[in-house]
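Notes for the one structure printed next.
Quick caveat: nothing in here was measured; it's all calculated off a predicted structure. Below, all heavy atoms of this structure are taken into account, side chains as well, without hydrogens, waters or symmetry copies.
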Amino acid sequence: MDRVAVANDLSFRVGLTGHSAHLSIEPLPPVQSHNPLHDLPQFILPPAFPEETTESIKEYIEEKYLTPRLDPDEFSPEKAGRDWDFDWFSKAKIPVEPSLPRTAVIPEWELPFRRQKGQEKGIWEPQSVQVEISELNAGVEDSSALPRITGPAKDFVRGSLHSRPFHPGGLDGSQSLPRVVPEGSLNGDWIREVLEGGPAEKIPPSFKQGLDSGDLKAYPSSWSVNECHASPKVVSDEKQSKLSLQFDDMFKRAWEDDFAEKEESDGIESEAESNESEIQVDKTEHEDDVPDVKLSELDQILSVDSAVLDTKADVKNEEGDNQGKESWAIRESNNGIADRFHELVPDMALEFPFELDRFQKEAIYYLERGESVFVAAHTSAGKTVVAEYAFALASKHCTRAVYTAPIKTISNQKYRDFTGKFDVGLLTGDISLRPEASCLIMTTEILRSMLYRGADIIRDIEWVIFDEVHYVNDAERGVVWEEVIIMLPRHINFVLLSATVPNTIEFADWIGRTKQKIIRVTGTTKRPVPLEHCLFYSGELYRICENEKILEQGLKAAKDAYKKKNSNAARSGPTMHSGSAAGSGAANAQNRDNSHRGKQKHSGSRNSGNFNGTGSGNFTSGSQPNLSLRRPDASLWLQLVNKLLKKSLLPVIIFCFSKNRCDRSADSMMSIDLTSSLEKSEIRVFCDKAFSRLKGSDRNLPQILRVQSLLRRGIGVHHAGLLPIVKEVIEMLFCRGVIKVLFSTETFAMGVNAPARTVVFDTLRKFDGKEYRQIIPGEYTQMAGRAGRRGLDKFGTVIIMCRDEILEERDLRHIIVGHPTKLESQFRLTYIMILQLLRVEELKIEDMLKRSFAEFHTQKKLPEKQQLLMLKLSQPAKTIECIKGEPSIEDYYKMYTEAEGYLNQITEGVMQSHTAQQFLVPGRVVVVKSQTSQDHLLGVVVKAPSASLKKYIVLVLKPDLPPTMQPPTGSGAVLDIGSNKSGEGFFVLPKGKRGLDDEYCSSVTARKGTGVINIKLPYQGVAAGVNYEVREVDNKEFLCICNCKLKIDQVRLLEDVSSAAYSKTVQQLSEKKPSGSKYPPALDPKKDLKLKDMELVEAYHKWDKLLQNMTENKCHGCIKLDEHMKLVKVIFKYRDEVNELTFQMSDKALQQMPDFHGRINVLKEIGCIDDDLVVQIKGRVACEMNSGEELICTECLFENQLENLEPEEAVAVMSAFVFQQKNTSEPSLTPKLSAAVQRLYDTAIRLGQLQASFQLPVDPEEYARENLKFGLVEVVYEWAKGTEFADICELTDVPEGLIVRTIVRLDETCREFRNAAAIMGNSALYKKMESASNAIKRDIVFAASLYITGI
């Protein structure tokens, strides 16, 4: 259309749009040239395709991707009648995810100096080998039977209780179950069923529904199935192995027969010829039967062990090591690695700007080979280089590395050091920074939690670096290290960094044997900066040790100075006061610490009047107690600092073993200023930046102002009582070198890598929580190692303060050059460990106990014990054939052994009592222990002890002997004795020296006896057809006192030696056996012997009953009793040895099995597990409790003790779980809080009593006191209500640093209680814990770490 002109030259055009030709008007630009095309009506074309719907999209996807089709080339009409000859599996065109291959082709790694370069390009090309996927994934599999589905992203790092732990490396016997595959699924039978019209598998695993394939019809086809036979090579190998086994059997059988014959000859010396022939025949009969079965088991053990040892031997031979084959820890003795390091490792993952030490090169070489290493070296020797290289390898391999540290301070500092070098993340109890990083730094407790909770991040970890491994000796937390080492999967390698310890090889061998992998041990005993040790006494330094050798002249000079000072003080003694160093009232540093361990506010000025100075000069204790405290210390420290300043030995770390001691010593140096104006400016700027993140009131805290005042003068304090941000400021300033004197506790040596020029020990005694003791060499070495800065100092100086005395040379030698403490196991069972392992059926708690360091030596000897057991089981059994029928000698031996058990108790308690001695008079019938046979003898007391004769003379009846062994008759013995009365054994005393008891009258003859004993003891004879013997008997040989007496003629028996008298006595004694085989009844212990001890009376009755049963046994009195008793003793010894070996190899022999059973009973009683050891919901809640005692926390939740409390009150009560200081001021609580505290304490007492009832070593009161400390309940309550930090510090004498630490840990406890509430389904408790956590997370308590955020 033509252009239409309107007012103001506004043009427009008219057009038609759409299918209906609607009229449209469009404005045109003011100036537009005429275009004929614009005059045409405009039409909008309709869409080319109809609108898409859900149904149309679904039809398109099913048609395009989900409908199976045949290959058009193979199933074309031209090939309709052809017999197909192709693989169904390879030709199927189904668009699904491919299954995992069974094999993989991987490059074979070779040593750099063995690589063959290519001829064309000169580049090494690795050779590829085909390996099984199962070999590559060995140890990486889960502990479950089926592959585990990866959990949600939120549980990727921390894990979840719903996930199972990964299978620990080296944990044989608890491996994952093989995947169950339906029969016929691997040979193609299921395809035949489908083609024949059978049902097809339509639903894939883990799917709810599958494809609708419709009705399948049979397809005409024919099958030819060929059976697969094994290759001839395999058969020949089996035959060869069988032949070798036969040869081994022959060798071992000959060795075992010799061993058996030797043991048989030693155990049985007097067997009859008939029995020897029978045993020989029996041995021949068993030679072809028993050893075959037993030796096959033995060969299996030996073959397995030899295979493992051969593998390790190959590795050692490759490296040129000549150590024994049984050690998994290998320490290289050659220097080839360090000399050829750049040739062996040409392409390093991380370059260092300095020359590496020998041990660092060795460790890096082993890391390049993918092996685990144990590095033992002194402090500041450069162990961190190995950790950095492990990080670099993880980054290069696109895997992860984990750095674990025992202290949170080390974790924060390492995060700062590694940031910028690597992709680093940090995981602690309250911080989670960049958990997706390839290099993670975390505490050991976090790693343990990840392992128990099956965190998926474990799959990616290649290296775990354990720093400060010697921390395994810590009694409280050392068990965590052992748990982590045991639980780590097989695919993870170890990097262990430790100070020098004497049993490095032993500890590394335990790790290698536990994880079934070689541990390379390297390190150095050489210090990078040598140390010199001095004594500081009376203002002078005396060098006493250099290059690990005690200098006698330096120690002698110090002692001479001490003696000279004491002699001068003695001459001026009447004018001295108690404050003098030589006075009698001077106290050492140990007593000072003890006098100030009471409750003190932060300044620590209470009870200061008890502190005695040690410097020269006097003081008066009066109106200024602080001056009396500070002047001697100020004088002493001033002398020391001036001496160090003159010798250029600053900066210095002064180790004091008390927080109060550190504060008082620093405050006493008010007049010392060690910094320049430039350093003061640097300190002021640094502190302003660091404390600027705090709000106004927190910046003016007394501790912060006091510390800043000290820092400006170059003096610092470092201990657990400081605020975390204050400690970090001091650590960073000390590393910058502006702090010249630092008073610190021993935690500074463990947690901070900050060496100094000099280290000073305020004292060599410390309080370890239980008692005052001298520090051990390991502690001294750890702290002294901070002396000497590598690259700055030629040597480091260690100074020991001597105030009132000079230590003995023996003590100094032990501390300075003594052996450090060995690594010892602190493994113990905990309830949370038991519950975590019970969650997984495939992991047994017994496996954890076996693999602990405590059981290392026992488990190491198990193969030897198993071989010995198999050897004993292969020996032919010995039998006893009795002429009286079925042998009952074993019953007789059991009774005899049981009776022997009561012998000492009865002999000491009954026979030696005064009442029993009164019954042992001539004529009393007794039972005497036999000296030659196992049978006991019936006898009668002939003569009681006297002044000249200390023993009883007793006539006993002996068992029947063979005719060839019978002694001469009584008359013959009398005649022989009469011919030589002065021979050996005759007692003739002068009449004047005889006692009253030596002259006796016979009850038969009226003649008075002379007291002469005319027989040779022991005297044997036969009377009335019975063998008898007269012998001396000690009172300990009496086994029983019978309730009957005989009338005996002592004169005719002992002096006249009358045969008639012996015959009559023997006949009377024989008549006391009613049935001819029983002993007469014994005296009643209560009525006759008047015994009051019930246990002794019961033992006496049992003894008497056993004697009666032994006489009723048919073996009693047998002529072969002695012979058979020896043989049955050998048999029982053999059984006991087999049972003992079996017990030692079983789980029952583990040291902590009794404790384990007791804890299992406790868990059953409170409902955490059921009778089948299945973890219940209460047990799952207990698994969440890591910060507090798990049983008390769980009972607190299930008893709803927090239900009626407000969030502020609940979090205040929960502070008792995490607060650790024992002695604090008594808090002032509200009635509601007091009731909650009492209820929680009663719960702890009840749980303690429950554990004690199951024989666990738990004292209920101590258990409650150790696990619940209510010292900060009031402080936390006020903090949660919003009170300022400065105000809550006035409520208690607990240092500010401990308050912050407790509240930070309390936030973690709130998180655990919140997770537990989610498991329980308690939404109210969940919200309450969220509110409590938000109430305490504020201000200075949760100020960000300077190591993380920077300045």
Side-chain angles (χ1 to χ4, degrees), residues 378-379 470-476 478 499-503 531-537 541-546 548-552 554-556 558-559 562 581 586-597 611-612 614 633 636 640 653-662 664-665 719-720 743-750 758-787 796-824 826:
H378 285 294
T379 305
H470 50 274
Y471 203 82
V472 74
N473 281 341
D474 185 75
E476 294 295 328
T500 54
V501 291
N503 59 335
L531 299 180
E532 62 174 9
H533 305 262
C534 304
L535 297 180
F536 182 76
Y537 178 74
L541 290 175
Y542 301 91
R543 187 180 304 172
I544 61 171
C545 181
E546 192 174 24
E548 306 296 330
K549 295 182 179 179
I550 297 294
L551 303 178
E552 301 289 345
L555 187 59
K556 182 177 183 299
K559 290 184 177 180
Y562 171 72
N588 55 21
Q590 151 69 21
N591 294 331
R592 292 191 204 93
D593 289 344
N594 193 15
S595 66
H596 291 277
R597 293 194 62 86
F611 181 80
N612 293 329
T614 57
D633 269 355
L636 183 65
L640 175 64
I653 302 175
I654 302 176
F655 285 108
C656 305
F657 301 107
S658 166
K659 296 188 292 289
N660 293 332
R661 180 73 179 164
C662 290
R664 293 197 309 271
S665 299
H719 54 72
F743 293 92
S744 172
T745 56
E746 60 182 321
T747 55
F748 188 83
M750 174 70 74
T758 307
V759 164
V760 175
F761 287 88
D762 179 40
T763 178
L764 293 182
R765 294 182 62 82
K766 61 175 287 188
F767 183 76
D768 60 0
K770 298 180 180 179
E771 61 181 356
Y772 282 97
R773 62 169 175 83
Q774 201 172 62
I775 63 174
I776 58 179
E779 296 171 341
Y780 180 87
T781 303
Q782 179 74 23
M783 289 179 276
R786 295 302 176 189
T797 303
V798 182
I799 299 175
I800 301 173
M801 301 292 292
C802 297
R803 291 179 172 83
D804 301 332
E805 59 182 357
I806 303 295
L807 290 178
E808 295 293 334
E809 180 182 354
R810 178 188 58 186
D811 297 333
L812 290 173
R813 188 182 299 274
H814 170 70
I815 295 175
I816 297 176
V817 298
H819 294 289
T821 307
K822 294 176 59 178
L823 294 178
E824 296 180 354
Q826 303 295 334

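- His533 places a side-chain heavy atom less than 4.5 Å from the side chain of Tyr780.
- The two residues Cys656 and Phe743 have their closest heavy-atom pair at SG-CD2, 4.2 Å.
- Electrostatic pairing of Glu552 and Lys559 does not count as a salt bridge here, judged by no charged N lying under 4.0 Å from a carboxylate O.
- The side-chain heavy atoms of Thr797 and Leu541, taken from C-beta on, include no pair separated by under 4.5 Å.
- Using modelled atom types, no side-chain atom of Asn473 and backbone atom of Gly478 make a donor-acceptor pair closer than 3.5 Å.
- A heavy-atom distance below 4.5 Å is found between the side chains of Met801 and Leu640.
- In this structure, Arg765 contributes its side chain and Phe657 its backbone to no donor-acceptor pair below 3.5 Å.
- No donor-acceptor pair under 3.5 Å is formed between the side chain of Glu746 and the backbone N or O of Met783.
- Between Val760 and Phe536 the shortest side-chain heavy-atom distance does not fall below 4.5 Å.
- Under the 4.5 Å side-chain criterion, counting only non-hydrogen atoms from C-beta, Arg661 is not in contact with Thr763.
- Between His814 and Pro777, the shortest heavy-atom distance links the atoms O-CG, 3.2 Å.
- Once rounded to the nearest 0.5 Å, the distance linking OG of Ser658 with CZ of Arg664 reads 6.0 Å.
- For the residue pair Ala499 and His470, the shortest heavy atom distance occurs at N-ND1, 3.1 Å.
- We find the CD1-CD distance between Ile815 and Gln774 to be 3.5 Å, quoted to the nearest 0.5 Å.
- Ring geometry for Tyr562 against Tyr537 counts as perpendicular: the plane angle is over 60°, on a 0 to 90° scale with 30° as the lower cut.
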Worked check of side chain to side chain contact (heavy atoms under 4.5 Å, CB included) between Val798 and Ile816: CA-CA 10 Å; Val798 182; Ile816 297 176; over 6 Å; no
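- Note that the CD1 atom of Ile800 and the CG atom of Asp762 stand 12.0 Å from one another [nearest 0.5 Å].
- Nearest heavy atoms, Gln782 versus Ala749: NE2-O, 3.2 Å.
- Considering only heavy atoms from C-beta on, Leu535 comes within 4.5 Å of Leu812 through its side chain.
- Looking at Thr781 and His378, their side chains come closer than 4.5 Å, going by heavy atoms from C-beta outward.
- Between the CG atom in Asp811 and the CD1 atom in Ile806 there is a gap of 12.5 Å [rounded to 0.5 Å].
- Between the Asp768 side chain and the Glu771 main chain, a donor and an acceptor come within less than 3.5 Å of each other.
- Looking at heavy atoms from C-beta onward, Ser665 lies out of side-chain contact with Ile654 at the 4.5 angstrom threshold.
- The minimum heavy-atom distance between Pro820 and Thr500, with the atom names listed, is CG-O, 3.5 Å.
- Between atom NE2 of residue His819 and atom CG of residue Asn503 there is a gap of 12.0 Å, rounded to the nearest 0.5 Å.
- For the atom pair Lys766 NZ and Ile776 CD1, the distance stands at 7.5 Å (nearest 0.5 Å).
- Tested against Leu555, the residues Glu808, Glu809, Arg543 include a single side chain to side chain contact (heavy atoms under 4.5 Å, CB included) partner, Glu809.
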